[in-house]
Colleague: 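To start, I am sharing the structure in question, which I have written as structure tokens.
Numbered from 1 within each chain, the chains take letters A, B, ... in sequence-line order.
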There are 2 protein chains.
Amino acid sequence: MKPYTILIIDDEPQMRNLVRTFLAKDGYIVEEATDGMDALAKVYKLQPHLCIVDVMMPYMNGFEFAKELKRTTNIPIIFLSARGEEWDKVEGLKIGGDDYMVKPFMPGELIARVESVLRRSYQHRYLSQSFTVGPLVIDHLAHKVTLDNNTVSLTVKEFGILETLARKPGRVYTREQILNLVWGDDHKSTDRTIDTHIKTLRLKLGEAGSMIETVWGIGYKLEVK
Amino acid sequence: MKPYTILIIDDEPQMRNLVRTFLAKDGYIVEEATDGMDALAKVYKLQPHLCIVDVMMPYMNGFEFAKELKRTTNIPIIFLSARGEEWDKVEGLKIGGDDYMVKPFMPGELIARVESVLRRSYQHRYLSQSFTVGPLVIDHLAHKVTLDNNTVSLTVKEFGILETLARKPGRVYTREQILNLVWGDDHKSTDRTIDTHIKTLRLKLGEAGSMIETVWGIGYKLEVK
DNA sequence: GGTAGTTGTGAAATACTTATGAAAAGGTAC
DNA sequence: GTACCTTTTCATAAGTATTTCACAACTACC
């Protein structure tokens with residue numbers, strides 16, 4: 001299972017279906033939007049890892065969308081255009097486009113480009129960069145959490161749970177979801193295990209431990225205060 | 001001044017001239033070859049940072065050249081093809097092509113793609129010969145480590161592990177990652193082997209050996225103190 | 001306020017990971 | 001082929017993480 005969400009933005013339902021089919025078959029989570037405005041709203045809700053956007057669209061074209069997207073995020077973009085359509089590739093790359101494809105394309109090309117862009121974007125940016133949530137700084141590659149500039153020593157599971165919650169503050173995760181994400185889909189642990197790890201996390205995080213909130217009957221979330 | 005050498009391989013003198021003009025104007029050192037065989041000979045002599053290669057060429061086509069090049073080097077490749085020429089983009093990317101362009105192209109596009117490929121390829125590569133981490137000076141070419149100005153005698157594997165860890169201080173590497181990076185992807189060793197080498201490294205580095213930290217459940221990292 | 005269901009907690013049991021010394025296997029130079 | 005060095009394997013000890021369990025504490029709902 002690939003943990004990547006891809007947002008495909010195109011006004012033609014046929015094209016969206018086509019792209020979705022190929023990507024879904026390859027294990028990606030695929031979301032759709034019909035125009036730039038729709039897409040921007042969804043970006044904030046879905047936090048996709050990649051946007052594939054048609055250059056020619058009504059209301060807001062691909063470039064305008066890209067500009068707006070890059071203004072506030074680092075989400076990579078692949079532009080789509082129909083053969084013969086006049087548009088400026090250099091301009092697209094300058095705006096921050098990471099790649100482009102000309103329709104019609106082969107499924108293999110789509111997959112190859114998506115993989116290439118994701119690899120580039122998330123190896124050196126997202127993953128290698130630490131992110132901050134309130135007083136916490138979490139660095140995935142260094143496997144390190146600091147709280148007010150002091151390193152907090154966490155075990156693998158504790159780190160995994162905290163990282164998961166912290167990547168989407170406010171979002172609630174069920175214990176089962178946490179198990180799937182941190183342990184893997186084939187885990188054989190029970191929900192009580194999560195409770196115990198949450199207990200330890202709260203303890204180790206001291207005052208900041210209260211950021212991890214219990215959502216009664218559902219699971220846990222991390223709320224920035 | 002850009003310290004990059006680019007080798008352009010095309011059987012048409014006109015196209016070579018064109019590309020050379022654009023790139024030279026932008027500060028690159030440009031070399032030319034007329035076919036795949038000629039190019040391979042020059043690669044070893046000139047050690048270029050990038051090859052731009054026409055797909056359709058006599059004697060040895062672009063793909064054959066690329067295969068041979070990637071067999072022995074990591075030099076990135078941009079493929080050139082004429083509009084309408086039948087060739088397989090996916091095949092090109094699979095062979096290890098880093099990008100491709102369709103003739104005719106605008107100078108701006110050429111520059112943008114060259115810069116993009118060079119940035120990607122050389123960001124994380126060994127640009128300098130020796131580097132310093134805390135009390136250690138590591139010289140890749142001389143295969144030499146000094147600790148407080150005293151040479152430390154390391155075996156090949158020990159050196160490889162230390163160099164790997166030291167190039168990204170703070171970053172955690174799993175034993176498997178270390179094996180892939182130092183031994184190569186087709187290694188057949190076990191994780192315990194790494195443990196033993198780490199033991200020896202710590203011993204040989206004396207006090208500085210404590211820079212190599214165990215990250216429980218994951219692997220090892222080098223932390224500068 | 002009672003009750004059923006859910007979560008928190010401490011302690012114990014279990015499972016797993018790493019360090020280490022010694023020995024075997026593999027290479028290389030002479 | 002021998003001597004010497006490197007690399008790998010192995011067994012065991014030491015250490016740490018993870019899970020389970022029992023019960024207490026809490027929450028929602030009637």
Side-chain angles (χ1 to χ4, degrees), chain A residues 143-145 151-165 172-223, chain B residues 143-145 151-165 172-223:
Chain A
H143 201 268
K144 192 173 161 182
V145 173
T151 301
V152 183
S153 170
L154 299 180
T155 70
V156 179
K157 297 290 193 270
E158 288 156 13
F159 185 93
I161 295 173
L162 182 61
E163 184 184 6
T164 301
L165 297 180
V172 183
Y173 288 87
T174 66
R175 293 175 176 73
E176 190 57 28
Q177 284 174 326
I178 295 174
L179 283 170
N180 284 334
L181 289 167
V182 178
W183 273 248
D185 284 330
D186 55 345
H187 69 87
K188 48 181 180 45
S189 296
T190 73
D191 286 359
R192 301 296 107 238
T193 300
I194 300 295
D195 293 8
T196 302
H197 285 299
I198 293 284
K199 174 189 59 174
T200 317
L201 264 175
R202 285 175 172 156
L203 185 71
K204 288 189 176 176
L205 293 177
E207 194 130 317
S210 63
M211 290 167 76
I212 302 176
E213 296 183 2
T214 304
V215 183
W216 221 88
I218 304 187
Y220 297 98
K221 70 174 172 178
L222 187 140
E223 198 71 63
Chain B
H143 202 270
K144 192 173 155 184
V145 173
T151 301
V152 184
S153 168
L154 298 180
T155 69
V156 178
K157 297 292 193 263
E158 288 157 12
F159 184 91
I161 294 172
L162 182 61
E163 183 184 6
T164 300
L165 297 181
V172 181
Y173 288 86
T174 64
R175 292 175 177 75
E176 190 59 28
Q177 285 174 327
I178 295 173
L179 283 169
N180 285 334
L181 289 168
V182 178
W183 275 248
D185 284 331
D186 55 345
H187 69 87
K188 47 181 181 48
S189 297
T190 73
D191 287 358
R192 301 297 109 234
T193 300
I194 301 294
D195 293 11
T196 302
H197 286 299
I198 292 282
K199 177 187 58 175
T200 317
L201 264 174
R202 284 175 173 158
L203 186 71
K204 288 190 177 176
L205 293 176
E207 192 129 318
S210 64
M211 290 169 76
I212 302 177
E213 297 183 2
T214 303
V215 182
W216 228 91
I218 303 193
Y220 297 98
K221 71 175 170 179
L222 187 140
E223 196 75 64

Colleague: Round to a whole Å and report the spacing from CG of A:Leu162 to P of D:dA17.
Modeller: 16 Å
Colleague: Specify the separation, in whole Å, of atom CD1 of A:Ile212 and atom P of C:dT9.
Modeller: 12 Å
Colleague: For a quick test of reading the model: is some side-chain N or O of A:Thr214 closer than 4.0 Å to OP1 or OP2 of C:dG8?
Modeller: yes
Colleague: Using the side chain to side chain contact (heavy atoms under 4.5 Å, CB included) rule, take A:His187 and A:Asn180 through it: C-alpha gap first, then chi angles, then the decisive distance, then the call.
Modeller: CA-CA 7 Å; A:His187 69 87; A:Asn180 284 334; 3.4 Å; yes
Colleague: Rounding to an integer number of Å, can you tell me how far B:Lys188 NZ sits from D:dT7 C1'?
Modeller: 10 Å
Colleague: By nearest heavy atom, map A:Lys199 and A:Val215 onto DNA chain C; which one lands nearer the 5' end?
Modeller: A:Val215
Colleague: How long is the line joining CH2 of A:Trp183 and P of D:dT20, in whole Å?
Modeller: 10 Å
Colleague: So, do B:Glu158 and B:Thr200 sit near enough that their side-chain heavy atoms are less than 4.5 Å apart?
Modeller: yes
Colleague: Under 4.0 Å, counting only non-hydrogen atoms across every strand here, what does B:Thr155 touch: a base, just sugar-phosphate, or nothing?
Modeller: sugar-phosphate
Colleague: Could you tell me whether the phosphate oxygens of D:dT8, OP1 or OP2, come under 4.0 Å of any side-chain nitrogen or oxygen in B:Ser189?
Modeller: yes
Colleague: Does the side chain of B:His187 get closer than 4.0 angstrom to OP1 or OP2 of D:dT8 through an N or O atom?
Modeller: no
Colleague: Determine: side-chain N/O of B:His197 to OP1/OP2 of D:dT7, distance under 4.0 Å, yes or no.
Modeller: no
Colleague: On DNA chain D, nearest-nucleotide positions of B:Leu154 versus B:Thr193: which is more 5'?
Modeller: B:Leu154
Colleague: For the side chain of B:Lys157, starting at C-beta, report the closest nucleotide among D:dT19, C:dG21, D:dT7.
Modeller: D:dT7
Colleague: Step by step, would you call A:Leu154 with B:Trp216 a side chain to side chain contact (heavy atoms under 4.5 Å, CB included)?
Modeller: CA-CA 9 Å; A:Leu154 299 180; B:Trp216 228 91; over 6 Å; no
Colleague: Within this structure, what is the CG-to-C1' distance between A:Asp191 and C:dT6, rounded to whole angstrom?
Modeller: 11 Å
Colleague: Would you check if the side chain of A:Lys204 reaches a backbone N or O of A:Ser153 as a donor-acceptor pair within less than 3.5 Å?
Modeller: yes
Colleague: Without decimals, in angstroms, what is the distance between A:Tyr220 OH and C:dT6 P?
Modeller: 13 Å
Colleague: Taking only N and O in the side chain of A:Arg175, is any of them less than 4.0 Å away from OP1 or OP2 of C:dT7?
Modeller: yes
Colleague: How many Å lie between CG on B:Leu203 and P on D:dT7, as a whole number?
Modeller: 15 Å
Colleague: Compare side-chain N and O positions of A:Thr190 against OP1 and OP2 of D:dT20 and report whether any pair is under 4.0 Å apart.
Modeller: yes
Colleague: Measure from the side chain of B:Trp216, starting at C-beta and using heavy atoms only, and say which of D:dT18, C:dT9, C:dT17 lies closest.
Modeller: C:dT17
Colleague: Of the non-hydrogen atoms in B:Lys221 and B:Leu165, which two are nearest, and what is the gap between them?
Modeller: CA-CD2, 4.3 Å
Colleague: Write down the distance between CG (A:Leu201) and P (D:dT18), rounded to a whole number of angstrom.
Modeller: 11 Å
